[in-house]
Structure formats: structure tokens, C-alpha cells
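Basis for what follows: all heavy atoms, side chains included, without hydrogens, waters or symmetry-related copies. In this chain, residues are counted from 1 in sequence order.
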Amino acid sequence: MSPRISRTIACVLCGVVLLACRSGSEPERSTDQVLWRVTNAESVPVNPAFDGGTVYFGSGTHEVIAVDGRTGTVRWRHATELTGGQTAGFNVVVAADVVAMGDIDVYAFDRRTGAPRWRFQAADLDETGTRSLAADAQTIYAASLRGRVYALDARTGQPRWVTDLAQGDTATASFDPIVADGVVYVGTKAFSSHATGRFVALDVATGSIRWAYNFTPEHAGQYAGCFGGAVVWGQLVIVGQEDGRIFAFDRATGSVVWTAPSVRLPTMEGGTPW
């Protein structure tokens, strides 16, 4: 299943519908009901964000849509500068007084009015808005198809720092950062060598590498890239690797705490694992 299809399924489950769920001792007699519904847009939806009062949806047709979380009233909707095709970004994030979405570049809109605030485009046209963004209170973090991680000031769109994880390989890309407790976690894959990938922990203040783990495939012929999208649980940060295994790392040291095995993979003609 492709990442785009998987994302579509996840977003449909998340949807643009909020449900009121009754709690009690009779779960079999659920009284769930639709409180409101907003028509999003055609094509692939984008994972939403919530700031306590407003839900921000991204559409598959380059729009950010701000919806009152209580009533479902559309407060504003605004498109990026791209047309045609599908929205390149996977999610919407909120930081400071803006809401941002990736769409090849990173676009930020005023959270209250929807007015465009800034667009970040790297000087060499490095794509920073092709997958998922991350954000904390004041900064938006974007990984790029040239192996960099950008920390963007949410108010201005200017880089606070840029860290190059490509290690001189122009075919290396970085993917799907998350941020937790002063650390940005991001995955990489070297497309010039299918057996190469890393998981990296960066300091949010400086972009310096705290630790990094180099993946290798479990079996010959498998891929070992890391597409990020990790989760934090207690003292662990947990991420999947392309050969199907899941790794749990100690957040402080980067040491492997445990590994969950992959299911048996199908084989191509001749017996080589995918």
C-alpha cells in the first residue's frame, strides 16, 4: 500500500466530522451523532490541527479551511499559490499566530483571518513542504527532499537554523519530523543506496545532532530507509524502518532499547525479498 493511499485512509478516518460520544455503562447503546459536517474539497485530505477553538483542515486541492470547533461554521478558507494536482503536504500545524501547510514550499496563514502571512521557499528550490511538518509554540520544522531540516520562525518564516543530514549525498532526503521536549526527530533515506537510512535527534535551539542511528536491512535485498513520523512514549522514541521492523530508542542516548520484528515479507520472482 502506498504512503499516499495509507494517508488517505487515515485522514478519512479522522475526517472532517466531529462526533459527540456518550460515556456510560451501556456502550452497546451508543448515541453517537454528527454535530456538524463541513464539505472539505475534492481529492486527498490533509491531517488537521486544533488550537482549542478552531479546527484547521487542509484539503487535497491546496486549501486551508478554518472551522469553528463548536458549531462547524467555516471561519475562512484560503489556498496556497499552487494549482492543479494534489496538495503535496501531509498535515497542517499551528505555531504562534499562524497555521501552516506544506505544498512543495511551506505556506503560513493568519490563524484569525486566513490572510497569507509568508511562504518559505529555499534558495535552491529545495522542497520543504512535500510531506509532514512539525511545530512547537514558536517554530515550524520542515524536512526536505535534499536531506535538510529547517527550523522556521513561525511569525516571519525566516530560518532559525538549517541542518544538512545528507552527508554529501545529493540523493538523500529527510522526512516527517516530530518535536518533543526540546528535540526534533527526523528520518532519512539515501536513494542512491537502498540499504541506507538514518534516524536523527536534533537540538531544537541549534539544530545540532544529539545522536543518530544508522539502519541496515535485516535481510539482503531489503530497503532500510526511515520515513520519520516517530512517536514519543515515556523515555522512548519509537519509529518504523523500511524493512518492516520497529525500533525503540532511548531518547537521551539514542541506544536501541528494543526492536519489534517485521512480518514475513512477500518475495519477488527469484526469491529476493521486497
Side-chain angles (χ1 to χ4, degrees), residues 1-4 6-7 9-11 13-14 46-49 89-95 100 102 106 128-137 139-145 147-152 161 163-167 172-191 195-218 222-263:
M1 183 178 292
S2 72
R4 177 70 71 172
S6 299
R7 179 164 64 96
I9 294 172
C11 290
L13 293 176
C14 181
V46 178
N47 288 335
F90 283 16
N91 68 337
V92 174
V93 296
V94 170
V106 180
T128 55
T130 297
R131 287 178 58 102
S132 293
L133 305 173
D136 56 26
T139 308
I140 295 167
Y141 303 93
S144 83
L145 296 189
R148 301 175 191 140
V149 180
Y150 296 78
L152 307 176
W161 50 258
T163 299
D164 187 354
L165 301 178
Q167 298 181 308
T172 290
S174 57
F175 298 100
D176 295 5
I178 67 161
V179 59
D181 302 326
V183 181
V184 180
Y185 301 97
V186 64
T188 74
K189 178 175 178 176
F191 289 89
T196 302
R198 291 202 298 166
F199 185 58
V200 185
L202 303 173
D203 186 275
V204 295
T206 65
S208 60
I209 296 175
R210 291 191 174 186
W211 54 261
Y213 184 86
N214 296 310
F215 291 110
T216 56
E218 185 175 21
Q222 290 180 319
Y223 294 88
C226 179
F227 291 95
V231 295
V232 167
W233 184 73
Q235 296 304 308
L236 302 179
V237 57
I238 304 168
V239 70
Q241 193 252 62
E242 202 173 7
D243 68 12
R245 290 176 294 166
I246 298 172
F247 287 74
F249 298 95
D250 182 282
R251 293 170 61 187
T253 66
S255 60
V256 177
V257 177
W258 53 257
T259 304
S262 63
V263 297

| query | ring-ring contact (aromatic ring centres under 6.0 Å, His included) between W258 and F247: does it pass, once the steps are laid out? | reply | CA-CA 6 Å; W258 53 257; F247 287 74; 9.0 Å; no

| message | Within the 4.5 Å heavy-atom criterion, are V204 and T139 side-chain neighbours or not? | response | no

| field | 4.5 Å side-chain heavy-atom contact, L165 and R198 | value | yes

| said: If I compare all heavy atoms of W161 with all of D203, which pair ends up nearest, and what's the gap? | reply: CZ2-O, 3.7 Å

| Short question: side chain of R251, backbone of G234 - any donor-acceptor pair under 3.5 Å? | yes

| query | Tell me, which pairs form a salt bridge (Lys or Arg N to Asp or Glu O under 4.0 Å) where one or both residues lie in residues 230-240, sequence neighbours left out? | reply | none

| query | Heavy-atom distance under 4.5 Å between the side chains of F249 and I238, does that happen here? | reply | no

| Just by distance, do the side chain of N214 and the backbone of T196 share a donor-acceptor pair under 3.5 Å? | no

| said: Taking the side chain as everything from C-beta on, heavy atoms only, tell me whether T172 gets closer than 4.5 Å to Q167. | reply: no

| request: Verify the neighbour count for atom CH2 of W233: are there more than 12 heavy atoms of other residues, nucleotides or ligands below 6.0 Å? | output: no

| Distance-minimising heavy-atom pair for N91 and S132 | OD1-CA, 3.4 Å

| pair I178-D176: side-chain heavy atoms closer than 4.5 Å | no

| said: Show the nearest heavy-atom pair for residues G207 and L202, with the distance to one decimal. | reply: O-CD2, 3.6 Å

| field | Flag, side chain of D243 to backbone of E218, donor-acceptor distance under 3.5 Å | value | yes

| field | Atom pair NZ (K189) and CD (E242), whose distance is rounded to the nearest 0.5 Å | value | 3.5 Å

| note | OG of S262 to CD of Q222, rounded to nearest 0.5 Å, is 6.0 Å

| message | Determine whether the aromatic ring centres of residues Y213 and F199 are separated by less than 6.0 angstrom. | response | no

| said: Could you report the tightest heavy-atom contact between V93 and A135, atom names first, then the distance? | reply: CB-CB, 3.8 Å

| remark: dist F215:CZ -> R245:CZ (nearest 0.5 Å) comes out at 8.5 Å

| task | Calculate, to the nearest 0.5 Å, the distance between atoms OG and OH belonging to S174 and Y150 respectively. | result | 8.5 Å

| message | Measuring from atom CH2 of W211 to atom CD1 of I209, what distance do you get when rounded to the nearest 0.5 angstrom? | response | 11.0 Å

| query | Does a side-chain heavy-atom distance below 4.5 Å link P48 with V92? | reply | no

| Closest approach of C226 and G240, non-hydrogen atoms and distance? | SG-O, 3.8 Å

| said: Can you tell me how far apart CG (L133) and CD1 (I140) are? Round to the nearest 0.5 Å. | reply: 7.0 Å

